[in-house]
Amino acid sequence: IVLGITPPELTADEAGKIARQMTLVGSWTTKFSPSERNANGANITLPARFINGTVVKAGATFDFWGAVGPVTFARGFGMGGIIENGRTNPTGALAGGICSASTTLFNAAARAGYQILERDQHSYYIPRYPLGLDATVSKYGGQIAQNMRFRNDTKNDLLIRGLSGSGWVRFEIYSLPTGRSVTFSSPSVSNIRRAIDTTVETASLKRGQRERTESPANGMDVVVVRTVKDSSGRVVHSDRFVSHYIRVDGVVRVGIG
């Protein structure tokens, strides 16, 4: 084995000076209920732990799946919720619920003013997310089907902090000041399809028992416009985040057993 010494890019004093100048440029927090739909929270808090401390160099791209790494039982992930054919399967996917992490980081990056490369909405709207600003991720057969990616299109490196606790996840992005300002339009909502609530009798529940298996969600089309300007007022990014949410009728099972 041949060993060599590689000098650091910065001295300790230089690194310390830069660290003191770094500031919070974007953040977002999402609250959730730990349950079987997210492996009691593990499918949301683990990505925050794995991403915490990630540095994205100037000009480099952040890739959510690449940063999270393998999604396996051995790494602590469990079964959780997935949307299948417009319905919720509460334990149908490994790492189900991970979208709370990807949505939270997307909102932090979007508010920091970075270039958004990839973002997809959920099949139906989930109220704990900002309307038109959710960011789902998924894999099928080990292959990436949906991802969340953004590019650090500034001259400065950025640092991502992932924080989490019982029922919440938060991402913070730090960098030298970018001078960017970010504004979002109010969501433009159209083509609303009103959801209804339905009941289904079942002998698997005792008479009088009720169990909700699906919450109603209106179908709609939503557009949110993000405008990013530099310190001189020049528009750096103008994005139209377009979301098409399907209608889902609620389902309550009523026991007759």
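Only this structure's heavy atoms are used, side chains among them; waters, hydrogens and symmetry mates stay out. Sequential numbering from 1 along the given sequence is applied to the chain's residues.
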To the nearest 0.5 Å, atom OG1 of Thr45 lies from atom CG of Asn40 at 9.0 Å
Ignoring hydrogens and geometry beyond distance, is a side-chain donor-acceptor pair present between Thr91 and Glu36 at under 3.5 Å? no
- Glu211 side chain near Val252 side chain, heavy-atom distance below 4.5 Å: no
- Query: Does Ser243 use its side chain to pair, donor to acceptor, with the backbone of Gln121 at less than 3.5 Å?
  - Reply: no
Heavy-atom closest pair (Gln146 atom, Ser138 atom, distance to 0.1 Å) is OE1-OG, 2.7 Å
Output for pair (Thr103 OG1, Phe64 CZ), nearest 0.5 Å, gives 9.0 Å
Minimum side-chain heavy-atom gap Asp249-Asp197 below 4.5 Å: no
*asked:* Could you see if Ile173 belongs to whatever hydrophobic cluster contains Val236? Use Ile, Leu, Val, Met, Phe, Trp, Tyr and a side-chain cutoff under 4.5 Å.
replied: yes
Interatomic distance, NE2@His237 vs CD@Gln115, rounded to 0.5 Å, equals 5.0 Å
Q.
Any side-chain to backbone donor/acceptor pair from Asp63 onto Ala67? Under 3.5 Å, distance only.
A. no
Taken to the nearest 0.5 Å, the spacing of Cys99 SG from Asp120 CG works out to 10.0 Å
**Prompt:** Centroid-to-centroid, Tyr124 to Tyr245, below 6.0 Å?
**Reply:** no
For Ser166 and Pro34, the nearest pair of non-hydrogen atoms, with its separation, is OG-CG, 4.4 Å
Applying ring-ring contact (aromatic ring centres under 6.0 Å, His included) to Tyr174 and not counting sequence neighbours gives none
Evaluate the side-chain proximity of Leu163 to Glu172: yes if any heavy-atom separation is below 4.5 Å, no if none is.
yes
Original post:
Hey, are the side chains of Ile51 and Phe62 touching, using non-hydrogen atoms and a 4.5 Å cut-off?
Top reply: yes
**Distance-only side-chain donor-acceptor flag, Asn38 / Asn43, under 3.5 Å** = no
Taking the side chain from Thr136 and the backbone from His122, do they hold a donor-acceptor pair closer than 3.5 Å?
-> no
Interatomic distance, NZ@Lys229 vs OG@Ser181, rounded to 0.5 Å, equals 6.5 Å
### Query
Distance under 6.0 Å and angle within 45° of the ring axis: does Arg75 meet both against Phe50?
yes
Report yes or no: does Arg207 contribute a side-chain atom to a donor-acceptor pair with the main-chain N or O of Ile256 at less than 3.5 Å?
yes
query = For Trp28, is the NZ or CZ atom of Arg111 found under 6.0 angstrom from the centre of its six-membered ring and inside 45 degrees of the ring axis?
reply = yes
| query | When you look at Ile160 and Phe171, which way does the side chain to side chain contact (heavy atoms under 4.5 Å, CB included) test go after all the steps? | reply | CA-CA 7 Å; Ile160 302 174; Phe171 283 99; 3.9 Å; yes
Please set out all donor-acceptor pairs under 3.5 angstrom arising from side-chain atoms of residues 77-84, sequence neighbours excluded.
from: Glu84; atom 1: OE1; to: Asn89; atom 2: ND2; distance (Å): 3.1

Taking Trp168's backbone N and O only, do any of them form a donor-acceptor pair with Arg170's side chain (distance below 3.5 Å, no angle check)? no
The salt bridge (Lys or Arg N to Asp or Glu O under 4.0 Å) partners of Arg151 (sequence neighbours excluded) come to none
Report task. Check whether any side-chain heavy atom of Arg193 sits under 4.5 Å from a side-chain heavy atom of Asn218, and report yes or no. Result -> no
Exercise. Please examine the side chains of Thr54 and Val56, heavy atoms only from C-beta on, and report whether any two atoms are closer than 4.5 Å.
Key: yes
Exercise for the section: Look only at the side chain of Asn52 and the backbone of Gly162, and say whether a donor-acceptor pair between them is shorter than 3.5 Å. Expected result: yes
Over 12 non-hydrogen atoms of neighbours within 6.0 angstrom of CZ in Arg212 | yes
Here the pair of heavy atoms bringing Ser102 nearest to Ala135 is OG-O, 2.6 Å
Query - Check: Gln209 side chain, Lys206 main-chain N or O, donor-acceptor pair, under 3.5 Å - result: yes
Closest non-hydrogen contact found for Pro47 with Ala42 is CD-O, 4.1 Å
Looking at side-chain heavy atoms only, is the closest gap between Phe106 and Ile116 below 4.5 Å? yes
Mark yes or no for whether Thr178, through its side chain, and Arg180, through its backbone, hold a donor-acceptor pair below 3.5 Å.
yes
Does Phe150 have Arg119 sitting over its ring (NZ/CZ under 6.0 Å from centre, angle to axis within 45°)? no
Show me the donor-acceptor pairs within less than 3.5 Å that the side chains of residues 126-133 make with the rest of the protein, sequence neighbours left out.
from: Arg128; atom 1: NE; to: Ser100; atom 2: OG; distance (Å): 3.4
from: Tyr129; atom 1: OH; to: Ser100; atom 2: N; distance (Å): 3.4
from: Tyr129; atom 1: OH; to: Ser100; atom 2: OG; distance (Å): 2.8

* Asked: Can you hop from Val71 to Leu46 via hydrophobic side chains spaced under 4.5 Å?
  -> yes
Donor + acceptor pair across side chains of Ser204, Thr202 (<3.5 Å) = yes
Is there a donor-acceptor contact under 3.5 Å from the side chain of Asp153 to the main chain of Tyr114?
no
| Does any non-hydrogen side-chain atom of Asn156 lie less than 4.5 Å from one of Leu158? | no
So OG of Ser123 and CZ of Arg87: to nearest 0.5 Å the spacing works out to 12.5 Å
Notebook entry, point to check: Does Ile144 share a hydrophobic cluster with Val137, counting links as ILVMFWY side-chain heavy atoms below 4.5 Å and allowing steps through other members?
Noted result: yes
Do Phe73 and Ile98 sit in one hydrophobic cluster, given that two such residues count as connected whenever their side-chain heavy atoms are within less than 4.5 Å of each other, even indirectly? yes
Q) Are Val224 and Ile192 grouped together when hydrophobic residues (ILVMFWY) are joined by side-chain heavy atoms under 4.5 angstrom apart? A) yes
With sequence neighbours left out, the residues meeting salt bridge (Lys or Arg N to Asp or Glu O under 4.0 Å) with Glu118 are Arg149
Item to check | Side-chain (Asn152) to main-chain (Lys57) donor-acceptor, under 3.5 angstrom | outcome: yes
For Ser175 and Asp157, the nearest pair of non-hydrogen atoms, with its separation, is OG-O, 3.4 Å
Residues at least two apart in sequence or cross-chain that pass salt bridge (Lys or Arg N to Asp or Glu O under 4.0 Å) with Asp230, listed by chain then number, are Arg234
